[in-house]
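Structure record follows, encoded as structure tokens.
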Amino acid sequence: ARSPLATMQRTIRPLTLASSRATAAAAVVSKRSAARKASTPLRISARSFGATRTNSSSADGGSSFDSQRTKILSASLEKVHEFGWTDDAIAAGVVALNLPPSTIGLVTGGPSELVAFFMDQCNARLEQELKERFIPSWQEQRTPIPERIHQTIWFRLEMVGPYIRSGRWQDGMALGAMPPNNTLTTAG
């Protein structure tokens, strides 16, 4: 069985003369925009995924790069059980969404961005559940602080349960703990 990334690479047709000129022009534009962006540090967090920066030249009149990246990363999380925290999982997410192979480039951080996205999602979900479900219940029942801490930690650990059961969580932890990835996975 071929990996999704290998399948994508195999299905890309050789460049024709016309498309190679277009590719060369795109590379020049890309280098110029990269030079402009080089002075701006990139920080990925839950806030980044909800940003409102849009591509004004898109076909649907306002599709967000961040929205596309969020969709790709969400679909990729479902593939982690099969492919691990890898580029193959991200490629499988792109394939599952029936997006063009080039959209894999929206996930610039690769597997470490996938881990950071998962951590941000879990932390956002925990915060929401605390506000909507846990805190009102604790106040009503006058739950002691140690029990509140226990319930909070248990709820957060349950989020990683599927990845532990599939044997993939330790890889995600290792990837997220490596510098410079640790600044992404622990920010928030």
Side-chain angles (χ1 to χ4, degrees), residues 1-15 19 23 26-27 30-31 33-34 37-38 40-51 53 55 58 63-127 153 155-188:
R2 290 185 184 258
S3 72
L5 190 58
T7 303
M8 280 182 167
Q9 290 169 343
R10 193 182 79 233
T11 58
I12 296 175
R13 295 185 189 139
L15 296 174
S19 66
T23 303
S30 177
K31 284 181 183 178
S33 63
K37 292 179 185 178
T40 307
L42 175 65
R43 182 167 185 268
I44 300 169
S45 68
R47 292 170 293 282
S48 300
F49 295 109
R53 181 183 61 156
N55 176 7
S58 67
S63 174
S64 166
F65 286 123
D66 292 328
S67 173
Q68 281 289 87
R69 183 173 57 232
T70 299
K71 288 177 186 176
I72 291 169
L73 290 168
S74 294
S76 300
L77 284 176
E78 297 173 15
K79 304 298 181 181
V80 166
H81 303 292
E82 183 178 353
F83 298 105
W85 302 90
T86 63
D87 288 323
D88 285 339
I90 297 168
V94 168
V95 170
L97 293 171
N98 295 317
L99 294 172
S102 62
T103 57
I104 197 169
L106 292 175
V107 183
T108 57
S112 60
E113 185 174 349
L114 185 59
V115 173
F117 176 77
F118 175 71
M119 298 297 285
D120 286 343
Q121 268 197 329
C122 288
N123 291 339
R125 182 174 164 213
L126 175 63
E127 185 177 342
I153 292 171
F155 181 76
R156 180 62 176 80
L157 287 173
E158 284 178 338
M159 293 180 205
V160 299
Y163 299 93
I164 292 171
R165 288 187 287 282
S166 69
R168 299 297 188 172
W169 183 239
Q170 67 276 11
D171 298 332
M173 291 281 292
L175 188 61
M178 291 189 312
N181 304 339
N182 58 3
T183 60
L184 296 176
T185 56
T186 59

**Report entry** Non-hydrogen side-chain atoms of Ile72 and Thr103 separated by less than 4.5 Å
**Finding:** yes

**Report entry** Smallest separation among heavy atoms of Gln121 and Ser74, with atom names
**Finding:** NE2-OG, 3.8 Å

Report summary line: Tightest non-hydrogen contact, residues Ser76 and Ile90, listed as OG-CA, 3.2 Å

Report summary line: What one should report as the nearest heavy-atom pair of Ser112 and Leu175 is N-CD2, 3.8 Å

Query - Euclidean distance, Leu99 CG relative to Lys71 NZ, rounded to 0.5 Å - result: 8.0 Å

Query - Smallest separation among heavy atoms of Arg69 and Leu106, with atom names - result: CD-O, 3.2 Å

Report summary line: Here the gap from Met173 atom CE to Ile164 atom CD1, rounded to the nearest 0.5 Å, amounts to 9.0 Å

Report summary line: By salt bridge (charged side-chain N to carboxylate O under 4.0 Å, His left out), Glu82 pairs with (sequence neighbours left out) none

**Report entry** Pairs where residues 163-186 contributes a residue and the test ring pair (Phe, Tyr, Trp, His ring centres under 6.0 Å) is met, not counting sequence neighbours
**Finding:** His81-Tyr163, Trp85-Tyr163, Phe118-Tyr163, Phe118-Trp169

Requested in this report: Measure the CG-OG1 distance between Asp171 and Thr86 for me, rounded to the nearest 0.5 Å.
Outcome: 9.5 Å

Report summary line: When every non-hydrogen atom of Ala89 is compared with those of Gly84, the smallest separation belongs to CB-O, 3.2 Å

Requested in this report: Flag the pair Lys79 / Val95 as yes when at least one side-chain heavy-atom distance between them is below 4.5 Å, and no otherwise.
Outcome: no

Query - Pairing residues for Glu78 by the side chain to side chain donor-acceptor pair (under 3.5 Å) criterion, not counting sequence neighbours - result: none

